[in-house]
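What follows is one structure encoded as structure tokens, with my remarks underneath.
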Protein chains: 2
Amino acid sequence: MKEFENACREADLKVTHQRLELYRELAQAEDHPSAETLYKRLIKKLPTLSLDTVYRTLATLEKHRLITRVQTIESQARYEAKMDKHHHVVCSRCRTITDFTWDHFDEVQVPKAVVGWGKVIRRNAVLEGICKACARQP
Amino acid sequence: MKEFENACREADLKVTHQRLELYRELAQAEDHPSAETLYKRLIKKLPTLSLDTVYRTLATLEKHRLITRVQTIESQARYEAKMDKHHHVVCSRCRTITDFTWDHFDEVQVPKAVVGWGKVIRRNAVLEGICKACARQP
DNA sequence: TAGTAATTAGGAATTATTCTTGTTTAGTAT
DNA sequence: ATACTAAACAAGAATAATTCCTAATTACTA
Ligand SMILES: [Mn+2]
Ligand SMILES: [Mn+2]
Ligand SMILES: [Zn+2]
Ligand SMILES: [Zn+2]
């Protein structure tokens, strides 16, 4: 949390109550929440919080690379504060997004065609399937 | 194109003029167009086409696995008719999505944690970087 | 402690997508 | 070929997600 405050100052972002609480909430969330979901959770602690502030803060923090927007095919954007290199497996049934690490993927060489394309800065694996909990259901 | 007609009949989908033209347009597009983009291109040939039909048709074809919705962090959904296994590299600057194949990634074993998670049905690599054209600009 | 530029709340506006309704059409049975 | 019917369509209204606008508040600075 102190790290976050420093990162804000570093980026010339004021350390506001809203930013702190939003970051705290996102950092402890395991479920890659959407703006709307975060808003519902935060409103309990910050009764005057506006939904716009949630959107604006998420955009700001993403721009400064303090959080990440997760790639999905859903209509609502989803976010996470976890910035260590990791990947996602999404359950097609319940839409849960689960983290995992994959060192081999992070380090293996990309195809020659991609080298010719340009400079790759980030790589993400997105797996899709059926989680065990869902598999047990009819 | 004949294949597409047969696939429609197979799926009990009527072979309509709109579906044929939309599929034809998407199949020849290289840029993973959005519904809006497709609409603008199709309206020239189908002046009475409605935007809703584009959305509805894309959803229908996706459900029957005749086209794919591409994962991006953009607000508009983007589609492709190319169904062979392939992956995407996205330019952070110009947002162009480029296809590439990566046999090694398709076949390499996923981490043990993922095996424990459930059954993986699809895997996608999404790379991000700066394409050569953009790299040449200030 | 006061000044000020950044940030916020609240509501309006915009964008992307989906729904509703009446009309048209593809496939099927005469 | 013609008529029938369920599916699909066009048009515009409605909804959902996100962004914009403006006046008030607040974090940092001096
Ligand atoms: Mn994650
Ligand atoms: Mn593609
Ligand atoms: Zn599941
Ligand atoms: Zn580019």
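Order of the sequence lines fixes the chain letters, A, B, ..., with proteins taken first and strands second; residue numbering starts at 1 for each chain. Quick caveat: nothing in here was measured; it's all calculated off a predicted structure.
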- Regarding B/E80 and B/H86, is there a side-chain donor-to-acceptor distance under 3.5 Å anywhere? yes

- Output yes when a side-chain donor or acceptor of A/S92 lies under 3.5 Å from a complementary backbone atom of A/G129, and no otherwise. yes

- Between C1' of D/dA7 and NZ of B/K63, the distance in whole Å: 13 Å

- Check the distance between C/dT7's P and A/R9's CZ and give it to me in whole angstrom. 13 Å

- Choosing from D/dT19, D/dA27, C/dT17, which nucleotide comes nearest the side chain of A/Y55? D/dT19

- Hey, do the aromatic rings of A/H87 and A/F105 have their centres closer than 6.0 Å? yes

- Item | Nearest-angstrom distance from the residue atom CG of B/L49 to C1' of C/dT25 | 15 Å

- Quick check: does any side chain N or O of B/R19 sit under 3.5 Å from a backbone N or O of B/K14, one acting as donor and the other as acceptor? yes

- Describe the nucleic acid contact of B/A77 in one word from base, sugar-phosphate, nothing, applying a heavy-atom distance below 4.0 Å. sugar-phosphate

- Euclidean distance, atom CD of residue B/E36 to atom C1' of C/dT15 [Å, nearest integer]: 9 Å

- Item | Which nucleotide in C/dT7, D/dC9, D/dT18 has an atom nearest any side-chain atom of B/Q18 | D/dC9

- Task: Under 4.0 Å between any heavy atoms, over every strand shown, what does B/L13 touch: base, sugar-phosphate, or nothing? Just pick one.
- Result: sugar-phosphate

- Task: Just call it for A/R56: base, sugar-phosphate, or nothing, with non-hydrogen atoms closer than 4.0 Å on any strand.
- Result: base

- Query: Less than 4.0 Å between a side-chain N and a carboxylate O, is that true for B/D106 and B/R122?
  - Reply: no

- Take the protein atom CG of A/D12 and the nucleotide atom P of C/dA6, then report the distance between them rounded to whole Å. 10 Å

- Item | Euclidean distance, atom OH of residue A/Y39 to atom P of C/dG11 [Å, nearest integer] | 10 Å

- Item | Whole-Å gap separating C1' (D/dA17) and CZ (A/R69) | 11 Å

- Message: With hydrogens left out and only the distance checked, is there a donor-acceptor pair under 3.5 Å joining B/D52's side chain and the base of D/dC9?
- Response: no

- Task: Let me know the distance between CG of B/L42 and P of D/dA10, rounded to the nearest Å.
- Result: 11 Å

- Message: Does a side-chain N or O of B/T60 approach OP1 or OP2 of D/dA8 to a distance below 4.0 Å, or not?
- Response: no

- Minimum-distance nucleotide (side-chain atoms of B/S50 versus D/dA8, C/dT7, D/dA11): D/dA11

- From the options C/dA9, D/dA8, D/dC28, select the nucleotide whose nearest atom is closest to the side chain of A/K14. D/dC28

- Query: Relative to the 5' end of DNA chain C, which residue comes earlier, B/H17 or B/S75, by the nucleotide with the nearest heavy atom?
  - Reply: B/S75

